[in-house]
Q: 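I have a structure here, written as structure tokens, and I will follow up with some questions on it.
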Amino acid sequence: MKQVQNSKKILVLTASLLLIGCSPNDSSHNGVLQSISSSKHELTIQTVEFSSADVVTNVGVTIFDYFTGEEIASVVVDAEGKAVFPGVKQDTPYKIAVYRVLSSGEWLEQTKQDIVFDKNKPLISIETFNTNHQSPLDVPIVIQNPELPNGCEVTALAAILNYYGMKVDKMDLANNYLPKQPVTKKGDTMYGPDPNVAYAGDPSKKSGGYYVYASPIVEVANEVLFEQNSEFRAMNLSDASKKEILNYVQSGVPVLAWVTIDLKKPRTKGHWIIKETNEKHPIFMNLHAVVVTGYHNGKVTVMNPLSGQETIDEKVFFESFKSLGSHAIVIL
């Protein structure tokens, strides 16, 4: 019998996958809904990708009793992304879970949603992660210019939040959420923040705006998610390997990653002193942030806040990613 996870979304890492359930040979996945067959109504669950509403087909759907948590039935969606459950009861609440169906036949939980069945609205769409490796995730294109010439990080974050249905824009994030500290100069010495703590300067300025690393962006994301009553949470994925990054993307999770703007070696010019630690921080001149949305045949697809969708050779991309310190975040 399949074990049901309590969390809405399951973290997928290369080191270990949290697997749920049995193979399709298990009687709970054969589509025979014996426990509710005596009722007269029919519920159809349509699985779609976040943001785009494109059909997601390589998943299974399970319906549970809302009060007891007991599994009622499980069905693999058809070619139209639909799973049909006959015999549900009018005005009755149910818990619905969507699972990625692995090639091994095991089921990996992706999303959950509570519903109340209404016979007048028998088709319910549920957004979930799209694990179709052939096409990139439909993360919306959000361009940083002209408002945020040095605001690639919050622009990329806005795109991911929009993908998950959060109503927020890049300017709101930059002006009202992003922690910022000035970069100043006394004599020949520059002083600035630790990019792991705050954005250096002002992202709306061509001159005087620098960058920020993953931790403050995670904080921004989680503040927005909390305010919008979302069960999603942002996580710092810095120091993740290439395999881990691609595992997330191929599991339907976009990744915000820091690379060089020209995909060449990092260039620095001078440094500033971090006041709290008195450490020297080298000033990167070609730092950039993008959203990784796909991987296929040795090519990485990204949403670039400067230019939109791009396809990059995986070796080039990950060399650039690693050279800047392997900064990344995910929301799931």
Side-chain angles (χ1 to χ4, degrees), residues 9-14 17 47-59 77 79 81 98-103 108 110-111 127-144 152-153 155-166 214 217 221 232 234-235 237-238 240-263 288-324 326-332:
K9 290 159 284 286
I10 302 300
L11 176 64
V12 183
L13 295 176
T14 55
L17 290 176
T47 51
V48 297
E49 181 183 355
F50 294 110
S51 179
S52 69
D54 288 342
V55 169
V56 175
T57 58
N58 53 336
V59 294
V77 301
V98 179
Y99 298 85
R100 177 184 178 186
V101 181
L102 303 180
S103 58
L108 174 67
Q110 296 193 155
T111 47
E127 293 182 318
T128 192
F129 299 100
N130 184 1
T131 57
N132 179 2
H133 300 174
Q134 303 299 315
S135 58
L137 304 173
D138 199 15
V139 173
I141 294 174
V142 182
I143 301 299
Q144 66 187 81
C152 55
E153 302 94 344
T155 303
L157 176 61
I160 295 178
L161 289 170
N162 293 164
Y163 177 70
Y164 287 127
M166 305 296 111
I217 296 299
F232 289 102
M235 183 182 71
L237 201 63
S238 296
S241 67
K242 167 186 171 181
K243 189 175 182 181
E244 287 174 319
I245 296 292
L246 294 181
N247 233 19
Y248 275 102
V249 175
Q250 292 184 317
S251 297
V253 181
V255 178
L256 199 165
W258 277 249
V259 293
T260 54
I261 198 168
D262 51 7
L263 298 171
H288 193 42
V290 300
V291 182
V292 185
T293 61
Y295 173 74
H296 186 60
N297 288 340
K299 302 290 184 180
V300 174
T301 303
V302 304
M303 194 294 290
N304 186 335
L306 283 174
S307 57
Q309 185 167 297
E310 292 183 2
T311 301
I312 304 167
D313 178 81
E314 63 174 310
K315 182 178 180 181
V316 172
F317 180 86
F318 282 104
E319 283 181 353
S320 179
F321 171 71
K322 189 174 181 180
S323 71
L324 276 177
S326 302
H327 302 283
I329 80 165
V330 290
I331 296 175
L332 64 151

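The residues of the chain are indexed from 1 along the displayed sequence.
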Q: Considering only heavy atoms from C-beta outward, does the side chain of S238 approach that of W258 to under 4.5 Å?
A: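 No, their side chains stay 4.5 Å or more apart.
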Q: Is a donor from one side chain sitting under 3.5 angstrom from an acceptor on the other, for T131 and N58?
A: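 N58 and T131 do have a side-chain donor-acceptor pair below 3.5 Å.
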Q: Consider only side-chain N and O atoms of E49 and Y163, and report whether a donor and an acceptor are under 3.5 Å apart.
A: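 Yes, Y163 and E49 have a side-chain donor paired with an acceptor closer than 3.5 Å.
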Q: Looking only at heavy atoms, which two atoms of G252 and F129 are closest? And how far apart?
A: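 Here G252 and F129 meet closest at O-CD2, 3.1 Å.
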Q: Could you verify whether a donor N or O on one side chain and an acceptor N or O on the other, from T47 and T128, lie under 3.5 Å apart?
A: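 No, T128 and T47 have no side-chain donor paired with an acceptor closer than 3.5 Å.
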Q: Output the distance between atom CG (L157) and atom CD1 (I331), rounded to the nearest 0.5 Å.
A: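 The CD1 atom of I331 is 5.5 Å from CG of L157, to the nearest 0.5 Å.
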Q: Nearest 0.5 Å, please: how far is OH in Y248 from CD1 in I329?
A: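 Reported value, rounded in 0.5 Å steps: 12.0 Å.
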Q: Check the pair F318 / V300 against side-chain contact (heavy atoms from CB on, under 4.5 Å), numbers first and verdict last.
A: CA-CA 9 Å; F318 282 104; V300 174; 3.9 Å; yes
Q: Which pairs pass salt bridge (charged side-chain N to carboxylate O under 4.0 Å, His left out) with one or both residues in residues 299-313, sequence neighbours excluded?
A: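 Matches after skipping sequence neighbours: none remain.
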Q: Measure across A156 and V290 and return the closest heavy-atom pair with its distance rounded to 0.1 Å.
A: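 A156 and V290 have their closest heavy atoms at CB-C, 4.5 Å.
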Q: Between N304, D262, T260, which is the residue that forms a side-chain contact (heavy atoms from CB on, under 4.5 Å) with H288?
A: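 For H288, the side-chain contact (heavy atoms from CB on, under 4.5 Å) check succeeds only for N304.
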Q: Restricting to non-hydrogen atoms, name the atom on I245 and the atom on A240 that form the minimum distance, rounded to 0.1 Å.
A: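 Heavy atoms of I245 and A240 come nearest at CD1-CB, 4.0 Å.
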Q: Identify the heavy atoms of A328 and A214 that sit nearest to each other, and give their distance.
A: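 Scanning both residues, the minimum pair turns out to be O-CB, 3.9 Å.
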Q: Look up atom CG in L102 and atom CG in L108, then write down how far apart they are to the nearest 0.5 Å.
A: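 Reported to 0.5 Å precision, the distance equals 5.5 Å.
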Q: Can you tell me if Q250 and Y295 form a side-chain donor-acceptor pair at under 3.5 Å?
A: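 The criterion, which ignores hydrogens and geometry beyond distance, is not satisfied for Y295 and Q250.
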Q: Determine whether E314 and K242 satisfy the following criterion, side-chain contact (heavy atoms from CB on, under 4.5 Å), listing intermediate values before the conclusion.
A: CA-CA 9 Å; E314 63 174 310; K242 167 186 171 181; 2.6 Å; yes
Q: Which atom names give the shortest non-hydrogen contact between Q110 and S251, and what distance separates them?
A: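 Scanning both residues, the minimum pair turns out to be OE1-O, 4.3 Å.
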Q: What's the spacing between T111 OG1 and E127 CD if we round to 0.5 Å?
A: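 It comes to 9.0 Å.
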Q: Please check this pair: side chain of T293 against backbone of T301, looking for a donor-acceptor N/O pair closer than 3.5 Å.
A: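 Yes, because the side chain of T293 sits within donor-acceptor range (under 3.5 Å) of the backbone of T301.
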Q: Would you give the length of the straight line joining atom OG of S241 to atom CG of L246, rounded to the nearest 0.5 angstrom?
A: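 Reported to 0.5 Å precision, the distance equals 8.5 Å.
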Q: Specify whether F317 and F321 have parallel, tilted or perpendicular ring planes, treating 30° as the upper limit for parallel and 60° as the lower limit for perpendicular.
A: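 Rings of F317 and F321: parallel, as their planes differ by under 30°.
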Q: Got a second to check how far I141's CD1 is from T155's OG1, nearest 0.5 Å?
A: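 Going from CD1 on I141 over to OG1 on T155, the span is 13.5 Å.
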Q: Where do I160 and V139 come nearest, in terms of heavy atoms and distance?
A: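 That closest heavy-atom pairing would be N-CG1, 4.5 Å.
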